[in-house]
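Within every chain, numbering begins at 1; the chains are lettered A, B, ... in the order of the sequence lines, protein sequences first and strands thereafter.
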Amino acid sequence: MNFWLVKSEPDAYSYDKLEAEGRGMWDGVRNYAARNNLRAMKEGDQVLFYHSNIGMEVVGICQVAKEHYPDPTAESGDWSVVEVIPVRRIKRPITLKEIKATPELANIALIKQSRLSVMPLTAEEFEKILKMSK
DNA sequence: GCCAACGTTGGC
DNA sequence: GCCAACGTTGGC
């Protein structure tokens, strides 16, 4: 199993909305690095959901429910989506500030490549964030 | 609201 | 194929 972190501006698509809908299509990715990460996702992979701009914190966990297929919202180009289902909110949101202050998390792309919207996490990084939320 | 980072576009 | 200009993202 692999671990990921996805970012969304809650104004555009929030964890609340994913929970309300029960299932979400992760569309609109128009960045090759992010798209390639989407394509590497396998069903059952665990995905942290991060709110950018507003909140700037990890709020919950979701899971890949359907592997990548062509993005129906793309007018042209070779883009992909995956489908995700919510797993649970984490007990306490973990802010970007806390992530930055945690040495074990210093290498995640959230910090180094702030514009990447879909990024891999190691199992250790994933577990660390969950531990911090307790 | 500003600006740094960085990806993309287009002229040469 | 290089690189300057430009647009977008996202933190502050």
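- Going from atom OH of A:Y32 over to atom C1' of B:dT9 covers 12 Å, rounded to whole Å.
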Collect all protein-nucleotide pairs involving nucleotides 4-7 of chain C in which both atoms are nitrogen or oxygen and the distance is under 3.5 Å.
from	atom 1	to	atom 2	distance (Å)
C:dG7	N2	A:R115	NH1	3.3

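- Sorted by residue number, the members of residues 102-114 of chain A with any non-hydrogen atom under 4.0 Å from DNA chain B read A:K112, A:Q113.
- Residue pairs meeting the salt bridge (charged side-chain N to carboxylate O under 4.0 Å, His left out) criterion with at least one partner in residues 100-110 of chain A, sequence neighbours excluded, are A:E104-A:K128.
- Annotation: side chain of A:T102 is in contact with side chain of A:M132 (closest heavy-atom distance under 4.5 Å).
- Using a 4.0 Å cut-off, some side-chain N or O of A:Y50 falls inside it from OP1 or OP2 of C:dG11.
- The salt bridge (Lys or Arg N to Asp or Glu O under 4.0 Å) test applied to A:E67 returns no partner, not counting sequence neighbours.
- Rounded to whole Å, the distance from NZ on A:K7 to C1' on C:dT8 is 12 Å.
- Other residues sharing a hydrophobic cluster with A:Y69 under the 4.5 Å side-chain heavy-atom criterion for ILVMFWY residues are A:M25, A:V81.
- To the nearest angstrom, C1' of C:dT9 lies 13 Å from CE of A:M56.
- Cluster partners of A:Y32, by chain and number: A:W79. The rule joins Ile, Leu, Val, Met, Phe, Trp and Tyr whenever side-chain heavy atoms lie under 4.5 Å apart.
- Residues A:S8 and A:Y50 have side chains not in contact (no heavy-atom distance under 4.5 Å, counting atoms from C-beta outward).
- Residues forming a side chain to side chain contact (heavy atoms under 4.5 Å, CB included) with A:L130 (at least two apart in sequence, or on another chain): A:L48, A:I61, A:R88, A:I90, A:F126.
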Taking Watson-Crick and G-U wobble contacts under 3.5 angstrom, with | marking pairs to another strand and [ ] crossing pairs, the secondary structure of DNA chain C is written ||||||||||||
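- One can place CG of A:N53 at 15 Å from P of C:dT8, the figure rounded to the nearest angstrom.
- The separation between A:L116 atom CG and C:dG11 atom P is 12 Å, rounded to whole Å.
- Applying the salt bridge (Lys or Arg N to Asp or Glu O under 4.0 Å) rule to A:E19 yields the partners A:R89; only residues at least two apart in sequence or on another chain are considered.
- Backbone-only contact: A:K100 has heavy atoms under 4.0 Å from sugar-phosphate atoms and none from a base.
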Would you be so kind as to tabulate the donor-acceptor pairs closer than 3.5 Å made by side chains of residues 38-45 of chain A, with sequence neighbours excluded?
from	atom 1	to	atom 2	distance (Å)
A:R39	NE	A:S80	OG	2.7
A:R39	NH2	A:D78	O	3.4
A:R39	NH2	A:D78	OD1	2.9
A:R39	NH2	A:S80	OG	3.2
A:D45	OD1	A:N2	N	3.0
A:D45	OD2	A:W4	NE1	3.0
A:D45	OD2	A:K42	N	2.9

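- The side chain to side chain contact (heavy atoms under 4.5 Å, CB included) test applied to A:Q63 returns A:Q46, A:I85, A:V87, not counting sequence neighbours.
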For residues 112-120 of chain A, tabulate all N or O donor-acceptor pairs below 3.5 Å that involve a side-chain atom, not counting sequence neighbours.
none

